[in-house]
J.: 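Before we start, here is the structure in question, set down as structure tokens.
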Amino acid sequence: ASGDPLAEPASSAGGSTIVVGSQAYYSNEIIAEIYSQALEAGGFTVDRQFQIGQREVYLPDIEAGKIDVFPEYTGDLLQALDKTAAGGTSDETYEQLQAALPDNLRVLDQAGASDQNSWTVTADFATKYNLTDIASLINVSVPITVGGNSELETRPYGPTALKEKYGIQTAGFKPVEDGGGPLTVKALEDGDIQLANIYTASPAFESGNLVVLEDPDALFLPSNVVPVVSDKIDDAAAAILNKVSAALTEDTLVQLNSQSVNDELSADKIATAWLTKEKLI
Amino acid sequence: MTWIWSNLDLIWDRTFDHLILSVPSIILSFVIALPFGALAHRYRTSRAVILTTVGLLYAIPSLPLFIVLPFIVGTSIRSPLNLIIALTLYGVALMVRVVADGLGSVDRDVQQSATAVGFSGWTSFWQVELPLAGPVLLAGLRVVAVSTVSLATVGAVIGAQSLGSLFTDGFQRGIQAEIIAGTLATVLLALVLDAILVLIGRLLMPWTRRSAIGVRVRPDTVAQEVTA
Amino acid sequence: MNFVTETVAWLIDPANWVGAGGIPTRLVQHLLFTLVTLVLAAVIAVPIGFLIGHTGRGRGLAVATSGAFRAIPTLGLLTLVALWVGIGLNAPYVALTVLAIPPILAGAYTGFEAIDRKIIDAARAVGMSEAQIVLKVELPLGLPLLIGGLRSATLQVVATATLAAYVADFGLGRYLFEGLRIRDYGEMLGGSILVILLAIVLEGVFALAQKLVVPRGVTAGLPTDIRDGSSRSRPAMESTIKEGTSHVRNE
Amino acid sequence: MIEFHSVTKRFPDGTLAVDDFSLVLPSHKITVFVGTSGSGKTTLLRMINRMVDPTSGSIEIDGADIGTLEPVKLRRGIGYVMQNSGLLPHRRVIDNVATVPMLRGMPKKKARDEALHLLDTVGLDRSLANRYPSQLSGGQQQRVGVARGLAVNPNILLMDEPFGAVDPIVRAELQQELLRLQQELGKTVVFVTHDIDEAFLLGDQVVILRTGGKVAQVGSPAEILANPIDEFVATFVGADRGKRSLHLENHGDGDIVVDETGRLAGVLVGERSSAGSESKAGPRGPGASAQGGDSR
Amino acid sequence: MIEFHSVTKRFPDGTLAVDDFSLVLPSHKITVFVGTSGSGKTTLLRMINRMVDPTSGSIEIDGADIGTLEPVKLRRGIGYVMQNSGLLPHRRVIDNVATVPMLRGMPKKKARDEALHLLDTVGLDRSLANRYPSQLSGGQQQRVGVARGLAVNPNILLMDEPFGAVDPIVRAELQQELLRLQQELGKTVVFVTHDIDEAFLLGDQVVILRTGGKVAQVGSPAEILANPIDEFVATFVGADRGKRSLHLENHGDGDIVVDETGRLAGVLVGERSSAGSESKAGPRGPGASAQGGDSR
Ligand SMILES: Nc1ncnc2c1ncn2[C@@H]1O[C@H](COP(=O)(O)OP(=O)(O)OP(=O)(O)O)[C@@H](O)[C@H]1O
Ligand SMILES: Nc1ncnc2c1ncn2[C@@H]1O[C@H](COP(=O)(O)OP(=O)(O)OP(=O)(O)O)[C@@H](O)[C@H]1O
Ligand SMILES: [Mg+2]
Ligand SMILES: [Mg+2]
């Protein structure tokens, strides 16, 4: 692909380099690295600006056009842009997101992979109280302490929503600022918390010790992985990214995350291996 | 620990990012603190005002400062400049007091004799007071250096790349080796900068090195050692 | 400057002043945490500092280790320990105790060292035992600098205790993190202002304590001597300024 | 009586501060160690109350080897006065004086009462009792130091350059005061100074030391002045510089005494007399105390 | 010639340091201000180079009112030597001496060459030139201080207790050295001390001050000693304590001179002579310098 004649004018027309950003979240960084390597293989020059905090930090930069490609999650981003967004199915959410984005930004194709919020309990806890979906939490006879990033407490799907939509009364909130990472899992296992918000693509689910509670009332919006891009991304670049998204399935993301957390591999190695395997580079 | 060996380049990159944040801050703190410290040293009223102000400055928790600063100075929140400004503020807060104390520690006899033999105020400041305050300034600067390096890691929480990024990343991925590597690298970096400052001090202040024949107490030794 | 009004609005919102997540509760949590941390650090650092100050031995080692301690980033230690012990206050206690040790240690041993050797020598010469020298001479004379060290440690711990909210539902730091995550600048700045106010109040308390414990004789004669006769005690005082009372923060 | 038997002191860093020093310090007399800086005066003095222990040799007080005594207890029975008084800055004058008696278990009230008396003894106004040392002049501080040294009514009083830091006029006063006190109390005093004039004024026995704690000459002031044993002593007492070689000059009103460097020494009064009990030229007996007692 | 005309100095805090002081300080002579601590000696000295400006009154140097001169420039033309030498601890000996000439614009090389010569003048070995002040003994430091004071070849040399901090033997040496230098160079020297012996040794004109900068007596040493104007002066010069009232005692080998307190002053040599040009009893003219010059 490096000999693609289209690549040259494309990259020079839109400026010399494409800036790819990522959240300060390892999984997001892996996806950003995949985008970057794919783009580089397509003849583009990439400037990586990874690990740049949470949405509130980088969103202004994307809106200002300082970042050209950013891996995002449809539902999460939609809620960040429009607190009252209704959501719905994966495709509905994607459409609403397209509408909610400012004029200078757009999203390319969404991937099959999603990494969405969830209410999760330990398998033991689920068995003990016979839990399957969120509504069944009503069976729990002990106080339920909730854990997750501190913003969870006020999010539309947070403890308040639990009460309003499912009538579940929680006993308290404990912040663990690791984005549903190992410490949150440890807190669940230690019984410091009973209910946690863990991203569905977390490798923690591989162990089978955790159970995601089903969400029939669509408390959580579907959050498929999607690149948010600026005008600088031309058709050639977009085509590359869309190919990546097409290959990025639900299971893939969990595997990639597992390589990072369990095998302690760095994002670039994980990305190269996957892209090579998928024959994308 | 294998993580460390397979990610040396990452650690090195973050160390470099860290240097970009901390070294300019340390230098700027010193340069900016000089005039304010001198002012605080010279006049009683300005002393109270300046020292109280820097005292308050130091009470501001770093995290909100990192976030609020862009609104005040107009930099982007994750730009290194933002962090450098914040770190410089803390450095200045620390250093101003040191400069005032350092100038105050200069032997009055020496100062007076300099005036008596005909040093003008300005010349005396640069050629007598400042060099003689040197050992105290150095001691203070070493503290500033160490604390700036340490403080810069907090920037990772708001997305400014530094060795602190190894903490947040390692924390999420549950890789202890990554956090340990970040911590060790930070301590090491601090100690290296500290050693460099000591070396610079040796070069610039040769007179403090020579041991006295007479049993003259050098006012600086205690301060120097204590803050080592 | 819209965030100023947001901050004021947040601070005066009565809803923020009640309940488990209310300002009074978090303020008390923050204060208690600070106190416990200081006590922990003091229990470790003060005896070591006194021992070094009294014997003059092990000073180099103490200086070097406390220098390295100073360089340990609190955030790193906090996350590391948290991975071992889980969520809650244990990790913050460890991390912040480590933070508080160097200034207290320095305050303790510089306090002892700053005492004119002649005074101690004379005390020994008139027949005081070592224990009596420590209790009746070194302790009262070294107390001001020790308190200076505690003061400096307090300021650091109060400001840095905000990081405890990284792994626990705790203290004023919660407002900072929550405000940061949900882009509520009013909450974030309001929380910061509370931390700053708390720090200022504690500073005041310590300044007062420091005044009260300076043995009167040490200050009594000074004003009469206009011209500078204090060159003897100066070196030691200087180091303290740097060490005991200067505010060094490593988060 | 204090006896040094072949006492040597080598400090851990190798400095030989005192080398094979033997001497008898008679009771009820003032022995003065005089010498330049580093000649081991302080070291010698501090060996008497075991602040320093000799490397070899022994020291006896009234026949008892002090090496066998418990240092803290020994010290509580020996008065000690040093330059800059060494007072505890955080205690009032009276408490400073009462410190050691209280350490020895005397009730506070009694100790304070006695301390007040001691202030009288050293010529300090009782109104100063409640001040802190820093609120006193240098001379007053030294008097408190002496009072503290006397508080346990010791037989031995060690004084390490006690008047080294006060100005010449006050110094002269304190010297006279010490002579008066000594006539009254008759302690065994060991006095260290580097001022030869002071040594000659105060000493019944003067020990001139050279660097390394070697004795250059021992004797009464007159003996030393009349017969400096070697050039070092001559230099030290000022004989070689002509400072001690006086001659008379007539200048109108009377005879002026001038030394060879041109320094005025004084005016000649009275007639030539032979050495008497009142001057330091001869031994001064305790009998002289009656006269000194009045001057208080 | 330096003239004080009704000079008064009141410090901002109200201290009256000098009160209506008038005096003429003759050229090429040593005038000594002597008095106890706080008597305004330093203040008087510092008014001469405008380190302190008088509250009222005026000071003239060779007829020119110094109030009209630029202080920094004035100071660069007046030598200044103080206790603890006041050397810059961060500069080598040679650079300390060369400081002022270089401030006045002399090229570095020339200034250093001259500085080396000055080290010879004050009797310091050139090998010390590259040391830092802290590497010298107290006496050596004072010599460097004097060399620095002489570096601009000033007519006036101000010396504020220059020998106050060195031990007695070195002090005597430095005093003799100053007298030798003065015979050679004939500067107008203003010298401050609180040691009356030093004042009498060095001063052509001695000014005894009492607290508050009041003149107690002015005159040559002999005049003051022979006729102390009042009790204060008598006390100060030691006459009242009998320190200056000497008598002779016979002690075997010869006549020993003893004062009334029993202090040994020295041994009598030679015969009675009348006051001559060699002693401080009479005025010492510049003619005496020829003789002193040889002694170098
Ligand atoms: N604790 C010590 N360790 C090593 N050397 C010492 C110690 N104390 C004294 N000395 C050395 O022993 C020698 C004699 O010291 P000492 O203090 O007895 O002298 P001194 O005659 O009292 O002098 P000064 O007049 O300066 O008080 C000096 O060379 C000194 O440096
Ligand atoms: N800058 C000043 N401000 C206020 N008072 C001062 C100042 N300098 C000197 N004094 C006061 O003026 C008086 C004379 O001081 P000065 O230094 O001239 O005395 P001195 O004779 O040199 O004393 P010493 O022998 O202690 O050096 C003293 O009472 C002193 O306290
Ligand atoms: Mg001594
Ligand atoms: Mg003076």
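Any value given below was found using the heavy atoms of this structure, including those in side chains, with hydrogens, waters and symmetry copies removed. What you are looking at is a predicted structure, and each value in this text was computed from that prediction instead of being measured. All chains are named by letter (A, B, ...) in the order of the sequence lines, taking the proteins before the strands, and each is independently numbered beginning at 1.
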J.: Inspect the surroundings of CZ in C:Arg57 and state if more than 12 heavy atoms from other residues, nucleotides or ligands are less than 6.0 Å away.
T.: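 Not buried by this count: 12 neighbours or fewer within 6.0 Å.
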J.: So for D:Val72, is it side chain, backbone, both, or neither that comes closer than 4.5 Å to the heavy atoms of chain C?
T.: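 For D:Val72, backbone and side chain are both near chain C.
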J.: Does a sphere of radius 6.0 Å around NE2 in D:His28 hold more than 12 heavy atoms from other residues, nucleotides or ligands, not counting ones at 6.0 Å or beyond?
T.: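 No, not enclosed.
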J.: Measuring from atom CG of C:Asp116 to atom CG of D:Leu87, what distance do you get when rounded to the nearest 0.5 angstrom?
T.: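 It is 11.5 Å, given to the nearest 0.5 Å.
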J.: Where does D:Arg92 contact chain C at under 4.5 Å (heavy atoms): side chain, backbone, both or neither?
T.: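 Contact with chain C involves the side chain of D:Arg92 alone.
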J.: How long is the span from the CZ atom in D:Arg75 to the OG atom in C:Ser129, to the nearest 0.5 Å?
T.: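 So the gap between those two atoms works out to 10.0 Å.
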J.: What part of C:Gln132 lies closer than 4.5 angstrom to a heavy atom of chain D: side chain, backbone, both or neither?
T.: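 The side chain, not the backbone.
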J.: For D:Met82 and C:Asp121, what are the C-alpha separation, side-chain angles and deciding distance, and is it a side-chain contact (heavy atoms from CB on, under 4.5 Å)?
T.: CA-CA 10 Å; D:Met82 66 196 285; C:Asp121 193 65; 4.1 Å; yes
J.: Identify the two heavy atoms, one from D:Gly86 and one from C:Ala122, that lie closest to each other, and give their separation to 0.1 Å.
T.: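 The pair with the smallest heavy-atom distance is O-CB, 3.3 Å.
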J.: Where is the tightest heavy-atom contact between D:Leu103 and C:Gly127, given as atom of each residue plus distance?
T.: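 Between these two residues, the closest heavy atoms are CD1-O, 3.9 Å.
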J.: Please give me the minimum heavy-atom distance between D:Leu88 and C:Ala123, naming the atom from each residue.
T.: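 The pair with the smallest heavy-atom distance is CD2-CB, 4.5 Å.
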J.: Is it the side chain or the backbone of D:Arg46 that comes within 4.5 Å of chain C heavy atoms, both, or neither?
T.: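 Just the side chain, heavy atoms under 4.5 Å.
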J.: Can you check whether D:His90 reaches C:Leu143 side chain to side chain, under 4.5 Å on heavy atoms?
T.: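 In short, these two side chains do not touch, never coming nearer than 4.5 Å.
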